[in-house]
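Here is the structure we will look at.
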Amino acid sequence: MKTFNELCYDLLKQIPEGKVVTYGDIAHALNCKAYQAVGNAMANNPNLIIVPCHRVVKSTGEIGQYALGVTRKVELLKSEGIEIDQRKVKNLDKYRFQFLNSF
DNA sequence: ATGTTGACCTAGA
DNA sequence: CTCTAGGCCAACA
């Protein structure tokens, strides 16, 4: 049994380019409400290259945080074609990626 | 086993 | 819209 964090990384790896998700979405995909645990998984940041942690934002549309800094996170998101207003995602629902089967 | 922490969420004022 | 308070879950010391 992989840890909750590993599951989070798996889900993140499923996120395609130009798509973003919220911490709550990841938790919901795991049929749980461990929003904080998801954030903790990102904070652990085991594999920043393999896991696109930069595609995870808050439910309010704010960027949240990033290991390399919020600025770098915004740059990456904008590089993927996502419209961002300084520090908030404009059409979050438009770029929202919905996980299919988490089981 | 208990307590603290964290890249959070929701609701109420 | 902004601010405050409570809750929620897993990982770690």
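Labels below follow one simple rule: chain letters A, B, ... track the order of the sequence lines, proteins then strands, and each chain is numbered from 1.
Spacing between atom CD of A:Gln65 and atom P of B:dC9 amounts to 12 Å, rounded to whole angstrom units. What separates CG of A:Leu76 from P of B:dA7 is a distance of 19 Å, to the nearest Å. Protein atom CD of A:Glu62 is 9 Å distant from nucleotide atom P of B:dC8, rounded to whole Å. A straight line from CG of A:Asn45 to C1' of B:dG6 spans 14 Å, rounded to a whole angstrom.
For the residue pair A:Phe99 and A:Ala29, the shortest heavy atom distance occurs at CD1-CB, 3.6 Å. Scanning all heavy atoms of the two residues, the minimum distance from A:Cys53 to A:Leu48 falls at SG-CD1, 4.2 Å. Considering all non-hydrogen atoms of both residues, A:Tyr95 and A:Gly81 come closest at OH-O, 3.6 Å.
Nucleotides C:dG7 and B:dA7 are separated by 22 Å at their P atoms, to the nearest Å.
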* To do: Would you please test A:Leu11 and A:Val38 for side-chain contact (heavy atoms from CB on, under 4.5 Å) and show each step?
  => CA-CA 11 Å; A:Leu11 290 174; A:Val38 177; over 6 Å; no
Reading nucleotides 8-13 of chain C from 5' to 3' and marking B where a protein heavy atom lies under 4.0 Å of the base, S where only the sugar-phosphate is that close, and - otherwise, the string is BBBS--
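The side-chain contact (heavy atoms from CB on, under 4.5 Å) test with A:Val51 is passed by exactly one of A:Val56, A:Leu12, A:Ile15: A:Leu12.
Within the structure, the side-chain hydrogen bond (donor to acceptor under 3.5 Å, both in side chains) test picks out the following pairs touching residues 57-75 of chain A (sequence neighbours left out): A:Thr60-A:Glu62.
Considering only side-chain N and O atoms, A:Ser59 lies under 4.0 angstrom from the phosphate OP1 or OP2 of B:dT10.
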